[in-house]
Amino acid sequence: MIERQEIKTLLQDPPVNTRVTIMGWVRAWRGNRFMVINDGSGPETLQVVVDGERFDEETIRAIGFHACVGVTGTLAESQGAGQAVEVIAEEITIFGENDLSRYPLQPKKQSMEFLRDNAQFRMRTNTFSSVFRVRHGVAYAVNKYFHDRGYYYLHTPIITGNDAEGAGEMFRVSVLDPTNPPRTADGKIDYNQDFFGKATNLTVSGQLQAEIGAMALGKVYTFGPTFRAENSNTSRHLAEFWMIEPEIAFADIENDMDLAEDFVKYLINYCLEHYAADLQFLDERIQELEKNMKATDRRPMGLIDTLRFVVENDFARITYTEALDILLQSKTYKKGKFEFDLSWGTDLQAEHERYLVEKHFQRPVIVRDYPKDIKAFYMRQNDDGKTVAAMDVLFPYIGEVIGGSQREEREDRLRQRMAEMNVHADELEWYLQLRTFGGCPHAGFGLGFERIVQFITGMGNIRDVIPFPRAPRLAQF
RNA sequence: GCCUCAGUAGCUCAGUUGGUUAGAGCGGCGGACUGUUAAUCCGUAGGUCAAAGGUUCGAGCCCUUUCUGAGGCGCCA
């Protein structure tokens with residue numbers, strides 16, 4: 001049996017002058033004497049002092065960058081300046097030598113793109129190990145938040161037979177021979193002979209099924225992988241991402257917005273409280289990165305200050321119509337500096353959202369009551385006949401983090417809207433029945449998990465906050 | 001999918017108006033070093049200049065096409 005102490009735990013209250021055993025990867029090997037170890041338990045490292053005369057040459061030679069070692073020795077107050085304590089090595093075990101003549105990583109700054117291509121090693125770096133510890137923290141906080149408030153975690157299907165959600169391109173799931181699929185009499189592919197007896201896809205949203213849960217368990221949430229086959233080439237989109245979708249009975253758009261704001265603030269607070277050292281490192285990383293940038297291109301605040309600011313201030317709340325007025329009154333608009341035109345009924349573009357969030361309000365903004373024609377069929381129609389009870393939460397740097405709505409619970413209105421938008425009611429009969437048989441006002445939203453992780457870690461590209469990103473032309477590892 | 005920029009050593013980059021044998025730092029390899037903190041010092045190897053085609057006496061540099069990447073936009077979470 002292997003026994004060891006984790007560095008994070010050891011450093012919380014260092015048991016000086018006791019024998020300890022640590023195991024981890026060598027981050028630095030200096031002067032044939034000082035070995036810096038990180039074991040992934042936290043961002044902290046522990047320095048090991050190696051007396052060359054106590055160990056054979058073979059052991060000393062095997063120590064190198066990112067080699068995997070175990071050390072037993074006495075934890076002592078450090079004689080050097082950079083650390084409080086260090087381990088005086090008595091026994092060294094080489095678990096895994098590292099052939100540096102072939103190893104791609106170096107103990108220096110490496111580009112995100114290079115590390116993305118070497119994802120089998122990138123978690124060994126300070127940046128990525130911090131990012132993925134924080135990612136875990138956010139995931140845990142999601143479950144804790146909902147559990148503590150009486151929500152039930154509902155697992156909605158990954159493979160879906162709904163072809164009617166209209167939420168963009170889907171990945172097909174099939175076991176048919178792609179070179180010679182069975183055909184129907186009129187020459188179309190006969191999905192009746194496929195595994196499920198019908199055409200199936202990977203899910204683009206668990207919302208419709210979550211509504212089933214809400215109409216019985218009251219408050220539910222989903223948290224699982226979601227797939228979009230859109231050819232999106234941006235730093236904010238993935239083909240495979242994780243989405244959190246709470247769905248609550250007896251709730252309107254106001255309840256929905258309150259939940260969204262409280263929830264996001266909770267996630268940020270949780271990380272500030274439990275991942276302070278990782279966030280501190282990520283904060284310093286960004287400052288280092290922005291050193292050579294023009295003042296106008298730098299963030300107005302550091303990472304941690306930004307996170308604190310978000311949790312300590314109310315989100316701005318406006319309607320789509322009010323947002324449009326603000327934009328039309330803006331100097332940017334009057335000087336013709338927006339690339340896209342503004343008129344009631346068209347969707348806000350990224351540049352408009354950024355103006356609202358980063359210039360006008362300088363904090364997160366919730367925009368509600370969008371024109372019905374630019375939103376999904378299931379959103380509840382407002383009394384004005386023009387808008388629906390939809391809401392988007394917009395954040396600085398990353399834009400839309402949450403999209404949600406009160407759902408249309410009136411069956412006749414829902415059927416009418418589906419007909420207008422060419423959504424096939426026959427495939428969604430089960431969904432309509434939630435209205436026919438004991439429905440109620442209800443609401444929910446979708447939070448892009450990677451987007452909030454991106455915001456909390458300050459990472460510029462969403463591909464760097466998921467361990468194995470899936471995007472157009474990218475399915476390695 | 002669209003626009004812009006880029007692709008030179010393992011990594012990050014320089015390479016002049018087109019002109020001999022392609023440069024640096026880091027990393028690697030060999031050596032020195034018992035208090036280092038991106039350790040330091042000495043030595044050394046390493047390149048199909050993304051690919052194909054073209055212009056030219058001559059192309060890393062100019063032109064065309066393709067591939068790859070980044071940033072921005074669209075689609076959205």
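Residue numbers begin at 1 in each chain, while the letters A, B, ... track the order of the sequences. FYI, side chains are in, hydrogens and waters are out, and symmetry mates aren't considered; it's all heavy atoms of this structure.
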Query raised in the report: If we ignore angles and hydrogens, is there a donor and acceptor under 3.5 Å between the side chains of A:Thr45 and A:Asn38?
Result: no

Report task. With heavy atoms under 4.0 Å as the rule, sort A:Asn233 into base, sugar-phosphate or nothing. Result -> base

Query raised in the report: At under 4.0 Å between heavy atoms, what does A:Thr234 touch on the DNA or RNA strands: base, sugar-phosphate, or nothing?
Result: base

Report task. Check the geometry between A:Phe241 and B:A77 and answer yes if their rings are stacked (centres below 5.5 Å, planes below 30°), otherwise no. Result -> yes

Query raised in the report: If the P atom of B:U44 is compared with that of B:U8, how far apart are they to the nearest Å?
Result: 27 Å

Query raised in the report: Between A:Asn118 and B:G10, is there a side-chain N or O to OP1/OP2 distance below 4.0 Å?
Result: no

Requested in this report: Would you kindly check if the NZ (Lys) or CZ (Arg) of A:Arg299 is within the cone defined by 45 degrees around the ring axis of A:Tyr397 and under 6.0 Å from the six-membered ring centre?
Outcome: yes

Query raised in the report: Would you say B:G30 has OP1 or OP2 under 4.0 Å from some side-chain N or O of A:Arg61?
Result: yes

Report task. Report the distance from atom CZ of A:Arg124 to atom C1' of B:C11, rounded to the nearest whole Å. Result -> 17 Å

Report summary line: With A:His66 as partner, the option from A:Phe95, A:Phe121, A:Trp25, A:Tyr103 fulfilling ring pair (Phe, Tyr, Trp, His ring centres under 6.0 Å) is A:Tyr103

Query raised in the report: Has A:Ser235 got a side-chain N or O lying under 4.0 Å from the OP1 or OP2 atom of B:G72?
Result: yes

Requested in this report: Validate the cation-pi geometry between A:Arg149 and A:Tyr266: distance from NZ or CZ to the six-membered ring centre under 6.0 Å, angle to the ring axis within 45°.
Outcome: yes

Query raised in the report: Does a donor on one side chain sit under 3.5 Å from an acceptor on the other, for A:Glu284 and A:Gln280?
Result: yes

Report task. Give one of base, sugar-phosphate or nothing for A:Ala350, where a contact means two heavy atoms less than 4.0 Å apart. Result -> sugar-phosphate

Query - Pairing partner of B:G1 (Watson-Crick or G-U wobble, both distances under 3.5 Å) - result: B:C73

Query raised in the report: A:Gln83 near the nucleic acid: base, sugar-phosphate alone, or nothing, with a heavy-atom cut-off under 4.0 Å?
Result: base

Query raised in the report: For the side chain of A:Glu113 and the base of B:G69, is some donor closer than 3.5 Å to an acceptor across the two?
Result: no

Requested in this report: Using a cut-off of strictly less than 4.0 Å, decide whether A:Arg33 has a side-chain nitrogen or oxygen near OP1 or OP2 of B:U34.
Outcome: no

Requested in this report: Report yes if a donor N or O on one partner sits less than 3.5 Å from an acceptor N or O on the other, where the partners are the side chain of A:Arg236 and the base of B:C73; otherwise report no.
Outcome: no

Query raised in the report: When the P atoms of B:U55 and B:U64 are considered, how many whole Å apart are they?
Result: 15 Å

Query raised in the report: Which base, if any, makes a Watson-Crick or G-U wobble pair with B:U40, both distances under 3.5 Å?
Result: B:A32

Report summary line: If pairing means Watson-Crick or G-U wobble with both distances under 3.5 Å, then the partner of B:U48 is none

Report summary line: Paired to B:C67 by Watson-Crick or G-U wobble criteria (both distances under 3.5 Å) is B:G7

Query raised in the report: Can you tell me how far P in B:G25 sits from the matching atom in B:A45, rounded to whole Å?
Result: 14 Å

Report summary line: Testing B:G74, B:G1, B:A77 for proximity to the side chain of A:Met243, the answer is B:A77

Report task. Take the protein atom CD1 of A:Ile452 and the nucleotide atom C1' of B:C76, then report the distance between them rounded to whole Å. Result -> 16 Å

Query raised in the report: Between B:A22 and B:C61, how far is it from one P atom to the other, in whole Å?
Result: 15 Å

Report task. Spell out, as yes or no, whether a donor-acceptor pair under 3.5 Å connects the side chain of A:Arg236 to the backbone of A:Gly399. Result -> no

Query raised in the report: Any cation-pi pair here, A:Arg451 with A:Phe449, using under 6.0 Å and within 45°?
Result: no

Query raised in the report: Rounding to the closest angstrom, what is the interatomic distance between B:U17 and B:C13 at atom P?
Result: 22 Å

Report task. Verify whether one side chain among A:Glu211 and A:Tyr431 offers a donor that lies under 3.5 Å from an acceptor in the other. Result -> yes

Query raised in the report: Expressed in angstrom and rounded to an integer, what is the separation of A:His237 atom NE2 from B:G71 atom C1'?
Result: 15 Å

Query - Sub-4.0 Å heavy-atom contacts from residues 63-78 of chain A onto RNA chain B, ordered by number - result: A:Ser78

Report task. Determine, using ring centers only, whether A:His147 and A:Tyr153 are less than 6.0 Å apart. Result -> no

Query raised in the report: So A:Thr226 and A:Arg228, side-chain hydrogen bond (donor to acceptor under 3.5 Å, both in side chains) or not? Walk me through it.
Result: CA-CA 7 Å; A:Thr226 311; A:Arg228 303 274 166 93; over 6 Å; no

Requested in this report: Between B:G27 and B:A9, how far apart are the C1' atoms? Round to whole Å, please.
Outcome: 11 Å

Requested in this report: Using whole Å, report how far CD1 of A:Ile456 lies from P of B:A77.
Outcome: 19 Å

Query raised in the report: Between A:Gln209 and A:Thr156, does any side-chain donor sit less than 3.5 Å from a side-chain acceptor?
Result: no

Query raised in the report: Given the P atoms of B:C63 and B:A6, what is the spacing between them in whole Å?
Result: 11 Å

Query raised in the report: What is the pairing partner of B:U12, taking Watson-Crick or G-U wobble pairs with both distances under 3.5 Å in any strand?
Result: B:A24

Report summary line: Of B:A77, B:U36, B:C73, the nucleotide closest to the side chain of A:Phe34 is B:U36

Query raised in the report: So what does A:Glu53 hit on the nucleic acid, given a heavy-atom distance under 4.0 Å: a base, only sugar-phosphate, or nothing?
Result: base

Report task. Between A:Val49 and A:Trp29, name the one whose nearest nucleotide on RNA chain B is closer to the 5' end. Result -> A:Val49

Report task. Just call it for A:Arg27: base, sugar-phosphate, or nothing, with non-hydrogen atoms closer than 4.0 Å on any strand. Result -> nothing

Query raised in the report: Does A:Arg116 make a side-chain N or O approach to OP1 or OP2 of B:A70 shorter than 4.0 Å?
Result: yes

Query raised in the report: Which residue lies toward the 5' end of RNA chain B, A:Phe449 or A:Gln349, if each is placed at its nearest nucleotide?
Result: A:Gln349

Query - Members of residues 88-108 of chain A that approach RNA chain B, where some heavy atom sits under 4.0 Å away - result: A:Leu100, A:Ser101, A:Gln106, A:Lys108

Query - hbond_proxy A:Glu86 side chain to B:G35 base (donor-acceptor, 3.5 Å cutoff) - result: yes

Report task. Identify whether any heavy atom of A:Gly52 sits under 4.0 Å from a base atom; if not, whether one sits that close to sugar-phosphate; answer base, sugar-phosphate or nothing. Result -> nothing

Requested in this report: Answer yes or no: does a side-chain N or O of A:Arg463 lie under 4.0 Å from OP1 or OP2 of B:A70?
Outcome: yes

Requested in this report: Examine the base of B:U36 for any acceptor or donor lying under 3.5 Å from a partner atom in the side chain of A:Gln47, and report the outcome as yes or no.
Outcome: yes

Query - Test item: A:Arg27 side-chain N/O and A:Arg124 main-chain N/O as donor-acceptor pair under 3.5 Å - result: yes

**Report entry** Minimum-distance nucleotide (side-chain atoms of A:Ser111 versus B:G1, B:U36, B:U12)
**Finding:** B:U12

Query raised in the report: Is it the case that A:Lys265 places NZ or CZ above or below the six-membered ring of A:Phe315, under 6.0 angstrom from the centre and within 45 degrees of the axis?
Result: yes

**Report entry** Touch class at under 4.0 angstrom, heavy-atom based, for A:Leu238 against every strand present
**Finding:** base

**Report entry** Nearest-Å distance once atom C1' is located in both B:A14 and B:C26
**Finding:** 14 Å

